[in-house]
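Structure record follows, encoded as structure tokens.
Note that ligands are numbered from 1 as they come in the structure, with each ligand's atoms numbered from 1 the same way. By convention here, the first residue in the shown sequence is residue 1.
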Amino acid sequence: MEPRRVYLDYNATAPLLPAARDAICAALDGGFGNASSGHWAGRAAHALVTEARAEVAALVAAEPDQVVFTSGATEAITQVVWSAGPGRVVASAVEHPAVVGALANLGSRDLDQVPMPPHRPIDPDAVLARVDDGPPPALVAVMAANNVTGILNPVEALIEPLRERGVPLLVDAVQRAGKLPITLAPDYLVVTGHKIGGPKGVGALIRRPGAPLRPMFVGGGQERGHRAGTEPVHLIAGFGAAARAVREGLPAMAARYRRLRDRLEAGLLAALPGAFTVGAEAPRLPNTLNLVLPEGAWAFALSDALDARGLALSAGSACHARATQPAEVLLATGLSPDEALRALRLSVGHGTSEADIDAALAILPEVVRAATA
Ligand code: PLP
């Protein structure tokens, strides 16, 4: 018999929300036109894009004309790094690989990483001290919430001081969106559809009016010249519908996530003496638990057994799912290499039920005990 499937990997991606699915299907039919065409079919597609733009803007307390639709957060981050031009980029040591990757891809850029206090959020004063120590940076990048640990960074404390210094700030809000409200107005903010129950392959860059933005794709002038290419109307419509659903669902959804996560955390800590939570004392996303297993329980060695029991979670982040190297983010968060190799990330979301938590509480300790017996 197939095991019951329990999905606790929402930080990697979320299943589609019903509202997003409906919007995608409706747009595939009724929004098939080219959103740039002036006729009825184009106008119908354009109307769907306009509606979605307003919803994504509302999710992050921005105006619709600040939203540039992209293929996802990786593209949006890359465009910001590309737009910043040459020069030093000051970034937290736990940014998504998209930031480091974009810099590496652009060759000569100079990445200046600010260390994290162990198991804590970034210290805004340490970021500002680094900014002031050397030539003015071309960009500062600090994520709102970390995808691996769930630790929340006080990015709001950076906005005014960096603006006074004339240094642009990029905030990756991919993991915060849909789990906690977003009311920040940095120069650049990035979100993506698939982490909030929308489709994959669509995201958005929210740009403060006047912040420089250089297009990476130039052609038909879509997205007011910031990102050329015929809009994937169905993906954008699905993203908009998901943005609306999660905005309307907060804060009840966040409270539910916290309840489920806290029960999971308390149950696992009780069942696995020697286990501990990464960032236990830090402000964290309500849906995320990064648990360091007891000594001898290597997370990567449990993956197949957990999968065979139907439990989907993450050892490290999704990008490192098959790696046996400790995740850089965990080392940067202050874990030893040994601890990082014992870390499992469990993340709940809109489809998680109490029964899923019961199943995880039954399966995970059994698998750990079997592996360490
Ligand atoms: N930033 C963070 C914090 C993420 O968790 C992810 C997804 O893994 C990304 C950026 C990249 O997003 P996308 O898959 O839309 O390119």
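- Looking at Thr74 next to ligand 1, an N or O pair under 3.5 Å apart turns up.
- Within 6.0 Å of the CD atom in Glu51, the count of heavy atoms belonging to other residues, nucleotides or ligands does not exceed 12.
- Where the criterion is an N or O separation shorter than 3.5 Å, residue side chain and backbone included, Glu75 fails it with respect to ligand 1.
- Between the Asn287 side chain and the Tyr257 main chain, no donor and acceptor come within less than 3.5 Å of each other.
- Side chains of Leu16 and Ile24 form a contact here, defined as non-hydrogen atoms less than 4.5 Å apart.
- Using a 4.0 Å heavy-atom cutoff, Lys195 is listed among the residues neighbouring ligand 1.
- Not a single heavy atom of Lys200 sits closer than 4.0 Å to an atom of ligand 1.
- Looking only at distances, a side-chain donor or acceptor of Gln222 sits under 3.5 Å from a matching main-chain atom of Gly229.
- Under the 30°/60° scheme for interplanar angles, the aromatic rings of Phe300 and Trp298 are found to lie parallel.
- Close approach of ligand 1 to His194 (heavy-atom distance below 4.0 Å) involves ligand atoms 13 (P), 14 (O), 15 (O).
- Using a 4.5 Å cut-off on side-chain heavy atoms (C-beta onward), His119 and Leu335 make contact.
- Per-residue contacts place Gly72 under 4.0 angstrom from the following atoms of ligand 1 (heavy atoms of the residue considered): 15 (O).
- Shown in contact with Met143 at under 4.0 Å from a heavy atom are these atoms of ligand 1, numbered in order with element: 3 (C).
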